[in-house]
Amino acid sequence: MAAPFKIYNTRTRKLEDFEPIEAGKIRLYACGNTVYDHCHIGHARGMILFDSFVRYLRHRGWDVDFVRNFTDVDDKIINRANELGEDPLALSARFIDEYHADATAMGLETPTQEPKVSESMDDIQGMIASLIEKGNAYQNEGSVWFDVGSFSEYGSLSGQKVDELRSADEASGKRSPADFALWKAVKPGEPAWPSPWGEGRPGWHIECSAMAKATLGDTIDIHGGGLDLVFPHHENEVAQSVCGNKADYARVWMHHGLLTMASGQKMGKSFGNVINVKVALEAFPAETLRLYYLQNQYRSPLPWGDEALSEALGMLSRLYEAREVAEAMKGEEPAENVAKSMGKDAQTVLDLGESFSERFYAAMDQDFNTALAIAHLMELSRAINRFGNLKKANKRGGPVVAAALKAFSLAADSMGLMRMTTEEFHAQVKEKRLAAMGIDPADVEKLIEDRGTARAEKNWDRADEIRKELEAKSIMVMDQADGVQWRVKL
RNA sequence: GGUGCCAUGGCCAAGUGGUAAGGCAAUGGUCUGCAAAACCAUGUAUCCCCGGUUCAAAUCCGGGUGGCACCUCCA
């Protein structure tokens with residue numbers, strides 16, 4: 001029932017046929033955010049990508065158990081909380097709420113489970129105890145360290161060799177520089193939980209091993225996250241889980257590329273160029289972000305820029321308008337008859353529409369080639385518009401575009417695109433783009449009205465003058481058969 | 001120093017060995033009072049360079065050059 005697909009596995013650096021542990025089921029774990037601040041557009045890339053992948057897989061018949069965690073106990077959270085004079089757990093709880101608000105605004109589906117570190121202490125401690133018992137970890141002064149030397153396969157995911165690593169971390173108490181913390185002994189002013197090794201809190205990596213095991217079992221199908229997590233985070237997870245569970249950990253490792261700034265600069269606090277999701281969504285409809293991310297290969301680095309986003313918005317607009325054109329078409333005759341009598345453009349729409357899902361699936365099943373899938377959508381849109389230019393298309397074209405219309409709902413169901421009505425879309429564009437440019441919609445409406453008056457009087461000079469005035473504000477006026485409309489230039 | 005990724009027309013970008021999707025920009029056109037949207041037409045692309053494998057390579061292999069990422073908190 002579930003459709004086969006190929007997926008690139010970081011572990012083997014190869015494209016592989018996906019083989020589930022259990023037929024028809026996918027256990028997917030994605031590393032979530034450390035919640036000490038608002039989501040930024042880099043987080044958004046991972047969030048949207050995995051949302052789209054999960055939607056697609058479910059659409060194709062897979063039973064996807066999707067777990068995405070929250071890291072709510074962490075150095076960065078404690079530091080931030082101290083700066084603000086806030087309780088660390090209160091701070092992380094606050095940003096979990098903000099995360100959910102951003103996720104909703106971006107149209108994300110809720111994962112099957114969203115475990116938190118603060119609520120997984122038993123699982124975490126159980127795993128640490130197991131690692132100590134098996135001889136893979138040791139205690140020292142209230143902390144517990146993973147003994148990297150005890151795991152011969154260490155480095156197999158990232159290709160790192162222990163001896164070659166630069167060890168900047170010279171924390172005391174470790175036997176070897178490559179060893180990493182499983183449990184950190186409490187320090188003054190930090191949140192702590194009781195444990196067999198003394199008061200303290202978990203290290204960064206153990207949480208994911210423990211939460212993945214608790215929610216999905218010893219061996220999971222796909223483990224995902226940003227490319228920057230491959231080492232050390234995921235490498236360490238492998239070590240912990242393989243040693244602790246005596247089982248394979250993740251069959252497939254799926255890593256998405258990171259966002260870069262158009263300037264070539266990295267996005268980071270120290271550069272002062274972090275853009276929060278909320279800010280981006282003030283200027284662009286959420287689907288713009290989604291289309292932008294989906295238009296690019298998920299493993300490649302992606303440069304962020306207003307111009308690129310505007311392009312994506314333009315594409316989105318064409319998709320919505322093509323769908324609107326198709327939806328407006330009526331007719332009762334069999335599609336083949338209409339196509340035959342209306343010529344090549346009709347036949348093209350019919351053919352592209354009927355073959356769409358096959359081509360769409362072929363693209364997506366090849367390691368989620370969303371860029372190609374969207375290209376198919378654009379091609380179809382052009383065919384619809386071309387056909388729509390024909391005189392009788394409105395009256396008779398309905399049956400011809402019926403299959404094509406399904407393509408748009410396919411995009412909605414399986415990628416999360418095209419989920420608004422055309423009216424909602426245009427309303428959002430106006431609202432957000434005008435706000436971004438600091439233009440009051442009422443001023444625009446007033447000018448449109450004045451121009452209407454001038455046109456009624458055939459005062460073309462005045463009408464054109466107003467058009468120019470509006471153009472200066474990036475407003476396009478469209479005189480159409482059914483009235484005057486205006487759009488924001490994208 | 002170690003590890004890995006990438007290099008495709010003016011720009012962005014897909015490409016699963018069989019002679020290159022899609023988008024943006026540009027020019028001309030259809031439509032329009034003028035426009036816009038949409039559509040049509042227009043791009044001889046050394047697929048970074050040099051070798052190799054193959055009947056056939058953007059795609060595979062080797063070497064080179066140039067970017068980037070990770071090895072330190074980072075999605």
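Reminder, nothing fancy here: chain letters follow the sequence lines and each chain counts from 1.
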Is the ring pair A:F146/A:F180 parallel, tilted or perpendicular, if the boundaries are 30 and 60 degrees? parallel
Kindly assign one of parallel, tilted or perpendicular to the pair A:F425 and A:Y320, based on the angle between their ring planes and the thresholds 30° and 60°. parallel
Remember a base hit wins even if backbone is also touched, and classify [X] as base, sugar-phosphate or nothing at under 4.0 Å, heavy atoms.
X      : value
A:L259 : base
A:H376 : nothing
A:L227 : nothing

Got a sec, which pairs hit salt bridge (charged side-chain N to carboxylate O under 4.0 Å, His left out) with one end in residues 286-307 of chain A, sequence neighbours left out? A:D51-A:R290, A:R299-A:D367
ring-ring contact (aromatic ring centres under 6.0 Å, His included) filter on A:Y99, not counting sequence neighbours, yields A:F70
The residue, A:A312 or A:H205, whose nearest nucleotide of RNA chain B is more 5′ is A:A312
When the C1' atoms of B:C24 and B:A13 are compared, how many Å lie between them, rounded to an integer? 10 Å
Consecutive-pair stems (3 or more, Watson-Crick or G-U, under 3.5 Å) for RNA chain B: B:1-7 with B:65-71, B:10-12 with B:22-24, B:26-30 with B:38-42, B:48-52 with B:60-64
Polar atom pairs between nucleotides 3-7 of chain B and protein, under 3.5 Å, N or O only, would you list them?
| from | atom 1 | to | atom 2 | distance (Å) |
| --- | --- | --- | --- | --- |
| B:U3 | O2' | A:S158 | O | 2.7 |
| B:G4 | O2' | A:R13 | NH1 | 3.4 |

Can you find a donor-acceptor N/O pair under 3.5 angstrom joining the side chain of A:R462 to the base of B:G33? no
Given the structure, check if the side chain of A:D464 and the base of B:G33 hold any donor-acceptor pair shorter than 3.5 Å. yes
RNA chain B contacts made by residues 342-360 of chain A, counting heavy atoms under 4.0 Å: none
Collect all protein-nucleotide pairs involving nucleotides 37-41 of chain B in which both atoms are nitrogen or oxygen and the distance is under 3.5 Å.
| from | atom 1 | to | atom 2 | distance (Å) |
| --- | --- | --- | --- | --- |
| B:A37 | O2' | A:E321 | OE1 | 2.9 |
| B:A38 | O3' | A:N385 | ND2 | 3.1 |
| B:C39 | OP1 | A:R318 | NH2 | 3.3 |
| B:C39 | O4' | A:N389 | ND2 | 3.1 |
| B:C40 | OP1 | A:R386 | NE | 2.8 |
| B:C40 | OP1 | A:R386 | NH2 | 2.8 |

